[in-house]
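These figures come from a predicted structure and were not determined experimentally. The figures that follow rest on heavy atoms only: side chains count, while hydrogens, waters and symmetry mates do not. Lettering of chains follows the sequences in order, A, B, ..., and the numbering in each one begins at 1.
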Protein chains: 2
Amino acid sequence: MSGFGPGDPFLADCPARLAVELIADKWTVVVLYGLSRGPVRHGELIEVIGGISRKMLTQTLRRLEAHGLIRRHAYAEVPPRVEYELTPLGATLIDPIHMLTEWARANGDAVLDALDADPEPVAHSD
Amino acid sequence: MSGFGPGDPFLADCPARLAVELIADKWTVVVLYGLSRGPVRHGELIEVIGGISRKMLTQTLRRLEAHGLIRRHAYAEVPPRVEYELTPLGATLIDPIHMLTEWARANGDAVLDALDADPEPVAHSD
DNA sequence: CAGGCTAGGTTTCCGATAGGAACCAGCAGG
DNA sequence: CCTGCTGGTTCCTATCGGAAACCTAGCCTG
């Protein structure tokens with residue numbers, strides 16, 4: 001019995017599935033985590049998140065803004081200053097996100113161990 | 001104060017970051033959710049997960065297997081039968097995953113509402 | 001006043017990836 | 001002999017990701 005009824009984040013047409021796909025993204029989780037402590041500037045995110053390009057950061061922030069998870073504050077100063085912060089809706093995500101990051105902190109090494117314990121390069125020839 | 005020290009899933013070189021990127025993927029979350037109730041066959045996953053192709057499913061399953069989160073059982077029958085199940089390590093993920101899916105179930109509509117409430121097509125001309 | 005600096009963002013280009021469709025293996029049944 | 005079932009792979013293309021260069025707009029320096 002599979003028993004996954006409608007409303008489960010499985011059926012492609014339900015909003016929950018779209019929401020999962022919104023956040024289940026390489027950068028989304030990390031960016032939201034970065035905003036979980038309060039307003040952060042664009043440049044700060046670039047620094048603290050190692051490896052993200054300006055393009056992807058902007059793109060990710062725009063997507064989150066469009067979905068109502070974060071808010072953008074552009075100050076009319078020179079040089080420009082732009083801060084991002086979680087909306088109340090976005091704030092409801094920090095618990096799930098923190099569970100993920102805690103899991104990663106606790107099990108990251110185990111995952112890496114498994115990786116080089118099974119370096120069998122996909123030989124499922126059965 | 002940013003205060004994100006090393007060990008946070010931010011610095012690109014730490015295992016936690018790799019672990020986050022492993023699961024923060026469009027299909028990974030959904031597939032793991034599908035396995036959270038016990039062994040499931042390849043074909044069942046295809047059905048219950050709307051929209052995934054066989055290729056992406058196989059690819060995702062192989063990656064999870066290589067990282068020690070799931071185990072593969074191929075029965076030498078005809079027609080072939082292959083079941084996937086969570087390893088103990090993978091089982092530690094179901095709590096975080098369920099928090100995500102619960103969040104999605106609860107807030108999916110709010111996210112969609114925000115989307116068509118702000119159809120401003122990125123006019124940040126400042 | 002020319003030129004540099006700042007910070008956020010966009011554009012361009014190219015390699016990597018996702019994803020659908022078609023194909024394959026291997027045996028049972030009509 | 002031909003078809004179907006199931007898991008998987010190959011081929012091909014549309015899309016995406018990432019690096020680097022460029023842009024805006026004012027202030028600061030020489």
Student: Over how many whole Å does the gap from A:Ile49 atom CD1 to D:dG17 atom P extend?
Tutor: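 So the CD1-P distance, A:Ile49 to D:dG17, works out to 15 Å.
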
Student: Starting from C1' on C:dT6, measure out to CD on A:Glu44 and report it in whole angstrom.
Tutor: 15 Å

Student: Output the rounded distance in Å from CD (B:Glu77) to P (C:dG29).
Tutor: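 In whole Å, C:dG29 P lies 14 Å from B:Glu77 CD.
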
Student: Looking at CG of A:Leu86 and CG of A:Leu64, how far apart are the two atoms once the value is rounded to the nearest 0.5 Å?
Tutor: 9.0 Å

Student: With heavy atoms under 4.0 Å as the rule, sort A:Tyr84 into base, sugar-phosphate or nothing.
Tutor: sugar-phosphate

Student: Any side-chain N or O of A:Arg63 below 4.0 angstrom from OP1/OP2 of D:dC16?
Tutor: no

Student: Within this structure, what is the CG-OH distance for the pair B:Leu35 and B:Tyr84, rounded to the nearest 0.5 Å?
Tutor: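 Separation between the atoms: 9.5 Å.
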
Student: Using whole Å, what does the distance between atom C1' of nucleotide C:dG8 and atom NE2 of A:His73 come to?
Tutor: 16 Å

Student: Could you give the CZ-to-P distance, from B:Arg81 to C:dC27, as a whole number of Å?
Tutor: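 Result: 17 Å.
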
Student: Looking at A:Arg41, I'd like to know whether one of its side-chain N or O atoms comes within less than 4.0 Å of OP1 or OP2 on C:dG8.
Tutor: yes

Student: Only counting residues at least two apart or in another chain, list the ones meeting side chain to side chain donor-acceptor pair (under 3.5 Å) with A:Asn107.
Tutor: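 For A:Asn107 the side chain to side chain donor-acceptor pair (under 3.5 Å) partners, ignoring immediate neighbours, are A:Trp103.
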
Student: Which nucleotides of nucleotides 18-30 of chain D have their base under 4.0 Å from a protein heavy atom (B), which only their sugar-phosphate (S), and which neither (-), written as one string 5' to 3'?
Tutor: BB-B----B----

Student: Check the distance between D:dG7's P and B:Leu45's CG and give it to me in whole angstrom.
Tutor: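 In whole Å, D:dG7 P and B:Leu45 CG are 10 Å from each other.
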
Student: At 4.0 Å (heavy atoms only), tell me whether B:Gln59 reaches a base, stays on the sugar-phosphate, or touches nothing.
Tutor: sugar-phosphate

Student: Pairs in or reaching into residues 85-95 of chain A: which pass salt bridge (charged side-chain N to carboxylate O under 4.0 Å, His left out), with residues at least two apart or in two chains?
Tutor: none

Student: Rounded to the nearest Å, what distance is computed from the CG atom of residue B:Asp25 to the P atom of nucleotide C:dT17?
Tutor: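 In whole Å, C:dT17 P lies 12 Å from B:Asp25 CG.
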
Student: Sequence neighbours excluded, which residues qualify as salt bridge (Lys or Arg N to Asp or Glu O under 4.0 Å) partners of B:Arg81?
Tutor: B:Glu77, B:Glu83

Student: List in chain and number order the residues that pass ring pair (Phe, Tyr, Trp, His ring centres under 6.0 Å) with A:His73, two or more places apart in sequence or in another chain; answer none if no residue qualifies.
Tutor: none

Student: By side chain to side chain donor-acceptor pair (under 3.5 Å), which residues pair with A:Thr28, not counting sequence neighbours?
Tutor: A:Asp25, A:Arg63

Student: For A:His42 and C:dG8, what is the distance between atoms NE2 and C1' respectively, to the nearest whole Å?
Tutor: 6 Å

